[in-house]
S.K.: 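This is the structure I want to talk about, given as structure tokens.
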There are 2 protein chains.
Amino acid sequence: MLALLEGEARYGFELVQRLGQNPALLTSEGTIYPLLSRLHRERLVETEWRESPAGPPRKYYRLTPRGREALAVFRQQWVGFRDAVDGVLGTPQNGGDTWSATVKPTTESGD
Amino acid sequence: MLALLEGEARYGFELVQRLGQNPALLTSEGTIYPLLSRLHRERLVETEWRESPAGPPRKYYRLTPRGREALAVFRQQWVGFRDAVDGVLGTPQNGGDTWSATVKPTTESGD
DNA sequence: GCCACTACCTTGTGTCACAAGGTAGCTTGT
DNA sequence: ACAAGCTACCTTGTGACACAAGGTAGTGGC
């Protein structure tokens, strides 16, 4: 979640849809909204209401400095955990980069 | 867990200790024993009591054919998930193989 | 006999993902 | 105008799980 918000602010419904594009990360609103609430309570994200061009207003989430720190910590932990699991499983570490362009926070806005 | 049992049968306490050697996988008996119970209930592992050379008897766990299938399925899911997370995080996929010799099920017995 | 170590297991607590359901704004069709 | 449908938010209830803590018992050393 924090990584998706790293490049630019996004709103909840958008996050559900973006994650849903990859089957391995598919999740639901019942997961995302409580998660965003927790992140907000822990001051890792800030929120801001913005009008939608068409439809109800959207609640945008943006990383705080604390959120950036937490993300950096998590990145390190993830690499440690990932390599440990790969070690136990004996799974090769290839670079599957076919999907990153779709969902990675690329600061683009060509939607 | 299944991967650790792939090469040879192991007992619960041993698994806790082996996992504890890697900080990223450190866990406790309160986690491992219920997990092994679940795997047994789902017929992914079989058990067998064996005498210990010194100390109380040990309950050894061994993969069943179903367990092997489940492990194969998990390996695939793990690679998909791992690559998805790496894609979102933008973490490079290097081969950290420094630790695998310590814990990977290598069918060795030189302890 | 007592302590320490090995080795098993259970109970209680808190967290979390998810399905399901609820509210409300906006647009489109009739 | 009003219904239907989409967008977008959120809550409640359920079940799974990790973990800390505590409990039982066999073995060996002092």
Side-chain angles (χ1 to χ4, degrees), chain A residues 1-5 8-62 70 74 77-78 80-81 84-85 88 111, chain B residues 1-2 4-5 8-62 70 73-74 77-78 80-81 84-85 88 111:
Chain A
M1 287 304 313
L2 297 177
L4 286 176
L5 298 174
E8 56 184 311
R10 298 190 193 278
Y11 59 99
F13 201 76
E14 180 189 6
L15 291 163
V16 175
Q17 291 180 327
R18 287 182 99 87
L19 289 173
Q21 286 168 18
N22 187 313
L25 299 182
L26 194 146
T27 187
S28 70
E29 298 176 60
T31 301
I32 293 304
Y33 287 118
L35 171 56
L36 288 169
S37 282
R38 264 175 276 144
L39 296 178
H40 187 244
R41 196 189 322 133
E42 294 163 22
R43 311 263 184 242
L44 303 183
V45 298
E46 295 171 327
T47 64
E48 176 196 0
W49 285 98
R50 287 191 218 164
E51 289 301 318
S52 165
R58 298 164 172 174
K59 198 174 186 176
Y60 278 79
Y61 292 84
R62 187 184 330 107
F74 180 80
Q77 291 177 341
W78 162 253
F81 176 74
V85 173
V88 172
D111 245 48
Chain B
M1 286 304 313
L2 297 177
L4 286 177
L5 298 174
E8 56 184 313
R10 297 190 195 278
Y11 58 99
F13 201 77
E14 181 189 5
L15 291 162
V16 175
Q17 291 180 326
R18 285 182 100 86
L19 289 172
Q21 287 169 18
N22 187 313
L25 299 183
L26 193 145
T27 186
S28 70
E29 297 177 62
T31 300
I32 293 305
Y33 287 118
L35 171 54
L36 288 169
S37 281
R38 264 175 274 142
L39 296 177
H40 187 245
R41 196 188 320 132
E42 295 162 21
R43 312 260 184 243
L44 304 182
V45 297
E46 295 171 327
T47 65
E48 176 196 359
W49 284 98
R50 287 193 218 163
E51 290 300 318
S52 166
R58 299 164 172 174
K59 198 175 188 177
Y60 278 79
Y61 293 84
R62 188 185 329 108
V73 168
F74 181 81
Q77 291 176 342
W78 162 253
F81 175 75
V85 173
V88 172
D111 245 54

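Chain naming here is simple, since letters A, B, ... match the order of the sequence lines and numbering starts at 1 in each.
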S.K.: Using the test ring-ring contact (aromatic ring centres under 6.0 Å, His included), find all partners of B:Tyr33 that sit at least two apart in sequence or belong to another chain.
M.R.: none

S.K.: Within this structure, what is the CZ-to-C1' distance between B:Arg10 and C:dA7, rounded to whole angstrom?
M.R.: 17 Å

S.K.: For the pair B:Trp78 and B:Phe81, name the ring-plane relationship: parallel under 30°, tilted 30 to 60°, perpendicular over 60°.
M.R.: tilted

S.K.: May I have the distance from A:Met1 (atom CE) to C:dC16 (atom C1'), rounded to whole angstrom?
M.R.: 15 Å

S.K.: Over how many whole Å does the gap from A:Leu19 atom CG to C:dC18 atom P extend?
M.R.: 11 Å

S.K.: So which heavy atom on B:Glu46 is nearest to which on B:His40, and how close?
M.R.: CA-CD2, 4.3 Å

S.K.: In whole Å, what is the span from the CH2 atom of B:Trp49 to the P atom of D:dG26?
M.R.: 11 Å

S.K.: Send over the distance from B:Arg18 CZ to C:dT6 P, rounded to a whole Å.
M.R.: 16 Å

S.K.: Could you tell me whether B:Arg62 atom CZ has more than 12 heavy atoms of other residues or ligands within 6.0 Å of it?
M.R.: yes

S.K.: Tell me: CZ of B:Phe13 to C1' of D:dG26, nearest whole Å?
M.R.: 13 Å

S.K.: So does B:Tyr33 get a side-chain nitrogen or oxygen closer than 4.0 Å to the phosphate oxygens (OP1/OP2) of C:dC8?
M.R.: yes

S.K.: Mark up nucleotides 21-30 of chain C, 5' to 3', with B wherever a protein heavy atom is under 4.0 angstrom from a base atom, S wherever such an atom reaches only the sugar-phosphate, and - elsewhere.
M.R.: ----BS----

S.K.: Would B:Leu36 and B:Leu15 count as a side-chain contact (heavy atoms from CB on, under 4.5 Å) here? Give the steps.
M.R.: CA-CA 10 Å; B:Leu36 288 169; B:Leu15 291 162; 4.2 Å; yes

S.K.: Polar-atom pairs under 3.5 Å, protein N or O versus N or O of nucleotides 15-20 of chain D: list them with distances, or write none.
M.R.:
residue, atom, partner, partner atom, Å
D:dC17, O5', B:Arg38, NH1, 3.4
D:dA18, OP2, B:Arg38, NH2, 2.9
D:dC19, OP2, B:Thr27, OG1, 2.8
D:dC19, OP2, B:Thr31, OG1, 3.0

S.K.: Ignoring hydrogens and geometry, is there a side-chain-to-backbone donor-acceptor pair from A:Arg50 to A:Tyr60 under 3.5 Å?
M.R.: no

S.K.: Roughly, in whole Å, what's the span from NZ in B:Lys59 to P in D:dT24?
M.R.: 18 Å

S.K.: Give the rounded distance in Å between these two atoms: CD1 of B:Ile32 and P of C:dT6.
M.R.: 17 Å

S.K.: Determine, for B:Glu42 against B:Arg38, whether the closest basic-nitrogen to carboxylate-oxygen distance falls under 4.0 angstrom.
M.R.: no

S.K.: Do A:Arg58 and A:Glu14 come close enough that some side-chain heavy atom pair is under 4.5 Å?
M.R.: no

S.K.: Evaluate side-chain contact (heavy atoms from CB on, under 4.5 Å) for B:Leu2 paired with B:Val45, printing each intermediate quantity in order.
M.R.: CA-CA 8 Å; B:Leu2 297 177; B:Val45 297; 4.1 Å; yes

S.K.: Under 4.0 Å: is that the gap between some side-chain N or O of A:Tyr11 and OP1 or OP2 of D:dA8?
M.R.: yes

